[in-house]
S.K.: 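My questions will all concern the structure given below.
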There are 2 protein chains.
Amino acid sequence: MATRQEISANRLDDAARAGWLYYVAGNTQDQIAAKLGISRQSAQRLVSLSVSEGLIKMRLDHPIGRCMDLGARLKSRFSLDLVEIVPSDPESPSTTIGLAEAGAAEIERWLKLDEPRIIAIGTGRTLKAAIEQLTPMECPHHKVVSLTGNIAPDGSAAFYNVIFNVADVVKSRSFPMPLPVIASSAQEREMLHSQPMIRETLELAARADVTFVGVGDLGPQAPLYEDGFITEAELKALQKAGAVGELCGWAFNADGRLIEGFTNDRVASAPIPSRETSLVVAIAKGEKKLPGIRAALNRRLVNGLITDELTAEGLLATE
Amino acid sequence: MATRQEISANRLDDAARAGWLYYVAGNTQDQIAAKLGISRQSAQRLVSLSVSEGLIKMRLDHPIGRCMDLGARLKSRFSLDLVEIVPSDPESPSTTIGLAEAGAAEIERWLKLDEPRIIAIGTGRTLKAAIEQLTPMECPHHKVVSLTGNIAPDGSAAFYNVIFNVADVVKSRSFPMPLPVIASSAQEREMLHSQPMIRETLELAARADVTFVGVGDLGPQAPLYEDGFITEAELKALQKAGAVGELCGWAFNADGRLIEGFTNDRVASAPIPSRETSLVVAIAKGEKKLPGIRAALNRRLVNGLITDELTAEGLLATE
DNA sequence: CCAACCTGTGAGTATTTGCCCATCCTCGTA
DNA sequence: TACGAGGATGGGCAAATACTCACAGGTTGG
């Protein structure tokens, strides 16, 4: 008499045969049913079994395949709502190559929507590069709001504030923030934020449907420092306090917690919009930014990420 | 054979994405269409493209009892070092279905080795189909050497000479044989073989660690004849002399002995490498090739075989 | 011995996929 | 600028596939 195991092994054999006929030989299930002398439904079950039992392996031989794979893992590892991985070009030192195009594509996906949306934009080199990749289009029904001030320390318009570029290219209504990135004191910040126009912009930012931000590192070449928004002493103090990165000027430590005190008391940027009710996408890559990106993901300061293969690997490598 | 259309890299990227989403992530084409922002029909086209371009590879990972059994019996009956049996699809007239994938898998096993190897390759339709299934990989440390000439009777590159395809896909160093498959005379062959470069290639072939060859039949549609390497008269003469098959152009009789005289005096291919010190794998199946395969196994012209169920049965049935 | 249970089956039905065709867009040419 | 070839697109439809359900045959445990 046949034991259950033998029967099941036989069944797996049949499943393997059916799977082979289906996937490798390209038969239809009807043909398989005829060949194996069973009903089409049974054939379907066998084919299905061959997949669910892992008898059939499918592999994608294309550079993109690796990106998709990394993306899926990142998405589940950090419970992200959006992940986009672009192939790395190890030869190119550019911090924006590929990323800019991918970021622009994602921004355009939102702009193409017919229903009016509020799109919040941070600042930084990566974001600027992405905006430059945007296809000009007519989107007067959307609103684009800046999360950060657009006044550089010397009083001029901050170079890497990109809100005007966006509004220009896509013809949407724009809401810049006529503020310094970092106020001179907490009091000044409060004063500025209480101005009616700015208050409205802040409220608009809080209701953004989608947000795109860059991630800044706080190493020796921290963009905040290089662009003169913070002094060397302030940078050192932040580093000492454990800061590993910043979003729109908000410095945070390796846990993703905002650093208390220091420059954070004076950052005039809008708070990062809710990750519960909206999508906040970080666009960033690179060794230097890795700790910052990881921290932001861990504490869910963002729930979307556009990065490259190498960075994705780095994010998955640890822990 | 369909002419190779130049397809933009971007489209292949998209195809890869779609293929990944479909086969790996298990999305429906509707979902893919939504995610990529295209119509379902376009998604379907991309998925289909990813298969037809060979981006998606499917492999059956299960020892089907019947194939294992046949394989074990063949292995012991003919003292083989390697046997691989794939399921048969009795209805399909294709001479390569399934076999190509299995052959590619075995070739890949060798290519994946870290130590440098010399891999010799014969010629033929089956082998070409197998090569097309190879996954691109970087193997500059291996050497791939052709056993047969790559010049067709009309002077062009022989279509079924596959050495270039291999080298291309796996980036290894390749050693083709700039020779006709069959020289016009024994003298010409000697002359050609004495050329330094060719001599070196021949010596390399003799030292191959592993060899993959097809088996040609010598019936009315013998590939050697169909491809114009031998005349009808020569084919008839070979048949009369008892030839039942050929490896790389070397015709042999039912005992597996090389036919003396006739075209064998002029075959410009390298001799089949040693079965004592290396692995020589025949990849072949089909009723027509049965006598040839049997003869080659009997006299141990090869010590490895990749074939299908039906052929395996045929080999075991007689004697 | 019987009832509960499990496995596998076929029928019917909803969903998904493959393919044809009209149309649109692009680009080279007259 | 007009025009035609060639390729991409999306609608529609038939084929193929996946899923649900009720039931048959056999096993298990009382």
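Letters go in sequence order (proteins before strands), and every chain restarts at 1.
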S.K.: Nearest whole angstrom, please: distance from the C1' of D:dA8 to the CG of B:Asp14.
M.R.: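 In whole Å, D:dA8 C1' and B:Asp14 CG are 13 Å from each other.
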
S.K.: Return a table of donor-acceptor pairs under 3.5 angstrom between the side chains of residues 207-215 of chain A and protein atoms on other chains or two or more places apart.
M.R.:
residue  : atom : partner  : partner atom : Å
A:Asp209 : OD2  : A:Ile118 : N            : 2.8

S.K.: Given C:dT17, is OP1 or OP2 found less than 4.0 Å from the side-chain N or O atoms of B:Tyr22?
M.R.: yes

S.K.: Could you list the residues that satisfy side-chain hydrogen bond (donor to acceptor under 3.5 Å, both in side chains) with A:Asp69, not counting sequence neighbours?
M.R.: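 Expected list: none.
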
S.K.: State which residues pass side chain to side chain contact (heavy atoms under 4.5 Å, CB included) with A:Glu313; sequence neighbours excluded, sorted by chain then number.
M.R.: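 For A:Glu313, the residues satisfying side chain to side chain contact (heavy atoms under 4.5 Å, CB included) (neighbours in sequence not counted) are A:Arg66, A:Leu70, A:Leu310.
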
S.K.: Any residue in residues 26-34 of chain A with a heavy atom nearer than 4.0 angstrom to DNA chain D? Just list them by number, or reply none.
M.R.: A:Thr28, A:Gln29

S.K.: Separation of A:Gln44 atom CD from D:dC21 atom P, in whole Å?
M.R.: 16 Å

S.K.: Write out a two-atom table: protein N or O, nucleotide N or O from nucleotides 10-12 of chain C, distance below 3.5 Å.
M.R.:
residue : atom : partner : partner atom : Å
C:dG10  : OP2  : A:Ser39 : OG           : 2.3
C:dG10  : OP2  : A:Ser42 : OG           : 3.0
C:dG10  : N7   : A:Arg45 : NH2          : 3.3
C:dG10  : O6   : A:Arg45 : NH2          : 2.5
C:dA11  : N7   : A:Gln41 : NE2          : 3.4

S.K.: Scan for salt bridge (Lys or Arg N to Asp or Glu O under 4.0 Å) pairs involving residues 30-40 of chain B, sequence neighbours excluded, and state none if there are none.
M.R.: none

S.K.: Is any NZ, NE, NH1 or NH2 atom of the basic residue among B:Asp217 and B:Lys289 found under 4.0 Å from an Asp or Glu carboxylate oxygen of the other?
M.R.: no

S.K.: Got a sec, which residues hit salt bridge (Lys or Arg N to Asp or Glu O under 4.0 Å) with B:Lys288, two or more places apart in sequence or on another chain?
M.R.: none

S.K.: List in chain and number order the residues that pass side-chain hydrogen bond (donor to acceptor under 3.5 Å, both in side chains) with B:Arg73, two or more places apart in sequence or in another chain; answer none if no residue qualifies.
M.R.: none

S.K.: In whole angstrom, what separates A:Leu49's CG from C:dT7's P?
M.R.: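 Distance, rounded to whole Å: 13 Å.
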
S.K.: To the nearest angstrom, how far is B:Leu46 atom CG from C:dG18 atom C1'?
M.R.: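 Checked: the CG to C1' distance equals 15 Å.
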
S.K.: Can you list the residues that meet the side chain to side chain contact (heavy atoms under 4.5 Å, CB included) rule with A:Val24, with sequence neighbours excluded?
M.R.: A:Trp20, B:Glu101

